[in-house]
Novice: 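Submitted below is the structure of interest, expressed as structure tokens.
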Amino acid sequence: MDEDASYLPPAEGFALLADTYDARQGGDPHLQLESRAVVELLPPLNGLRVGDIGCGTGRYALVLARTGATEVIGIDLSPDMLARARQKATSAELPVKLARGDLLASLPLPDRYLDLAVCALTLSFVDNMEKAFAELARVLAPGGALVISELHPHVLRAARAASAAAFRKDHAPYLRFMDFEGQERRIRRHPHLISDYLAAASRAGLVFEKLLEPVADTHLAAQHPQLSDSIGVPLVLAMRFRAG
């Protein structure tokens, strides 16, 4: 029941999720679309200093470390997620640096340090877009690129509408999971509009370059029947910005 769910702040929620996060995400069709979109937006990485901001268990940090980047730094709010990322990087013998940092406070990086920042599936857990983009812009070198990805606002706002219809309450969308004691836990998500991303980036001095909105198609729906009613609907948002 909705009343039995427990809402957790991101750091606490992802601490509980860390050990099972990769297994829970495996096979998610949204991730298939999202990863293809992010890779399409990445610039050539040879010789670049790269940051994976909100790296979680290291999904992109490990990919970036295999692409010829000079330095790869993964930063996350959750020490537990970072511990999983460290295990994976060590096992793969990849030279990924990992550090705890808060996008709404201060990232552990000097000004103008990164040639590329990737912030994937992170910003919907952030309520203050102005602070987040200002901090991302601070750590980007002149001409550096920022690539972000998120569930599409359409998906998140549809989730809010469905929750309101079912429970007669205006709930924010959320990442839902069951803890080891069988209790439902939720981490709130914020359904920022595309215009919110563009406005926050512009105020941070970043220049918009490209936007991708991958949609569910018949091929994806054949693999994932739960998407049969979503053919033609954008599921993911990915954008690239450039520092001035």
Side-chain angles (χ1 to χ4, degrees), residues 4-28 30-32 34-35 38 50-66 69 71-109 113-114 116-129 131-132 135-136 139 146-151 156 159 171-192 236:
D4 296 329
S6 173
Y7 286 83
L8 300 174
E12 187 176 345
F14 283 109
L16 291 177
L17 268 175
D19 287 342
T20 60
Y21 183 78
D22 290 339
R24 292 173 187 268
Q25 298 299 307
D28 187 332
H30 297 82
L31 290 188
Q32 294 180 36
E34 183 266 347
S35 60
V38 168
V50 178
D52 181 5
I53 313 301
C55 68
T57 62
R59 184 165 67 103
Y60 279 113
L62 272 63
V63 170
L64 296 168
R66 294 186 174 101
E71 181 179 3
V72 177
I73 306 165
I75 298 172
D76 200 86
L77 181 65
S78 167
D80 300 88
M81 297 288 272
L82 286 169
R84 293 292 299 152
R86 187 168 290 107
Q87 291 173 1
K88 290 161 66 175
T90 300
S91 178
E93 299 183 341
L94 291 171
V96 176
K97 299 178 181 179
L98 295 161
R100 185 181 182 278
D102 186 346
L103 191 51
L104 293 182
S106 179
L107 298 174
L109 295 170
Y113 189 76
L114 298 176
L116 168 68
V118 175
C119 189
L121 302 177
T122 295
L123 291 170
S124 70
F125 297 105
V126 171
D127 60 351
N128 192 321
M129 295 281 279
K131 285 186 178 181
E135 186 62 5
L136 289 166
V139 300
L146 168 65
V147 174
I148 68 168
S149 70
E150 197 44 83
L151 294 182
L156 294 176
H171 282 307
Y174 48 82
L175 174 62
R176 173 186 179 275
F177 64 98
M178 305 298 288
D179 66 17
F180 292 110
E181 297 178 352
Q183 182 178 359
E184 180 177 333
R185 304 285 195 166
R186 297 175 180 177
I187 307 172
R188 282 187 175 86
R189 305 186 90 139
H190 304 275
H192 308 297
V236 170

Novice: Hey, could you give me the CG/CG distance between Asp76 and Asp52, rounded to the nearest 0.5 Å?
Specialist: 8.5 Å

Novice: Does Asp28 have any side chain to side chain donor-acceptor pair (under 3.5 Å) partners at least two apart in sequence or in another chain, and if so, which?
Specialist: His30

Novice: In a table with atom names and distances, give each donor-acceptor pair under 3.5 Å that connects a side chain of residues 96-108 to protein atoms at least two apart or in another chain.
Specialist:
{"from": "Lys97", "atom 1": "NZ", "to": "Glu71", "atom 2": "OE2", "distance (Å)": "2.8"}
{"from": "Arg100", "atom 1": "NE", "to": "Leu77", "atom 2": "O", "distance (Å)": "3.0"}
{"from": "Asp102", "atom 1": "OD1", "to": "Leu104", "atom 2": "N", "distance (Å)": "2.9"}

Novice: Partners of Tyr21 by ring pair (Phe, Tyr, Trp, His ring centres under 6.0 Å), sequence neighbours excluded?
Specialist: none

Novice: Of the non-hydrogen atoms in Val50 and Ala69, which two are nearest, and what is the gap between them?
Specialist: CG2-CB, 3.8 Å

Novice: Are the side chains of Leu109 and Ile75 in touch, meaning some heavy atoms are under 4.5 Å apart?
Specialist: yes

Novice: State which residues pass side chain to side chain donor-acceptor pair (under 3.5 Å) with Gln32; sequence neighbours excluded, sorted by chain then number.
Specialist: His224

Novice: If you round to the nearest 0.5 Å, how far is CD1 of Ile148 from CD1 of Ile53?
Specialist: 13.0 Å

Novice: Where do Met178 and Gly182 come nearest, in terms of heavy atoms and distance?
Specialist: CE-O, 2.9 Å

Novice: Under the rule for side chain to side chain contact (heavy atoms under 4.5 Å, CB included), what residues qualify as partners of Leu16, not counting sequence neighbours?
Specialist: Leu8, Phe177, Arg185

Novice: Quick check: closest heavy atoms across Ala15 and Asp80, and the distance to 0.1 Å?
Specialist: CB-OD1, 3.2 Å

Novice: Does Met129 offer a backbone N or O that forms a donor-acceptor pair with the side chain of His190 under 3.5 Å?
Specialist: no

Novice: Which heavy atom of Pro10 sits nearest to which heavy atom of Phe125, and what is that distance?
Specialist: CG-O, 4.0 Å

Novice: Could you give the distance from OH (Tyr174) to CZ (Arg189), rounded to the nearest 0.5 Å?
Specialist: 12.0 Å

Novice: Between Arg59 and Leu121, is the side-chain contact (heavy atoms from CB on, under 4.5 Å) condition met? List the steps.
Specialist: CA-CA 11 Å; Arg59 184 165 67 103; Leu121 302 177; 3.4 Å; yes

Novice: Does Ser124 reach the side chain of Leu151, with side-chain heavy atoms less than 4.5 Å apart?
Specialist: no

Novice: Go through the structure and list residues passing side chain to side chain contact (heavy atoms under 4.5 Å, CB included) with Gln87, not counting sequence neighbours.
Specialist: Arg84

Novice: Between Thr90 (side chain) and Lys88 (backbone), is there a donor-acceptor pair under 3.5 Å?
Specialist: no

Novice: Find the distance between SG (Cys119) and CD (Glu135) and round it off to the nearest 0.5 Å.
Specialist: 11.5 Å

Novice: Let me see the working for Leu94 and Val72 under side-chain contact (heavy atoms from CB on, under 4.5 Å), right down to the final yes or no.
Specialist: CA-CA 9 Å; Leu94 291 171; Val72 177; over 6 Å; no

Novice: If I take atom CZ from residue Phe14 and atom CG from residue Leu82, how far apart are they, to the nearest 0.5 angstrom?
Specialist: 12.0 Å

Novice: CG/Leu146 to CG/Leu136 distance, rounded to the nearest 0.5 angstrom?
Specialist: 5.5 Å

Novice: Can you name the closest pair of heavy atoms from Gly58 and Ala85 and give their distance?
Specialist: N-CB, 3.7 Å

Novice: Can you tell if the side chain of Val236 reaches within under 4.5 Å of the side chain of Glu150, non-hydrogen atoms only?
Specialist: no

Novice: Might you point out which heavy atoms bring Ala132 and Leu123 nearest each other, and give the distance in Å?
Specialist: CB-CD2, 4.0 Å

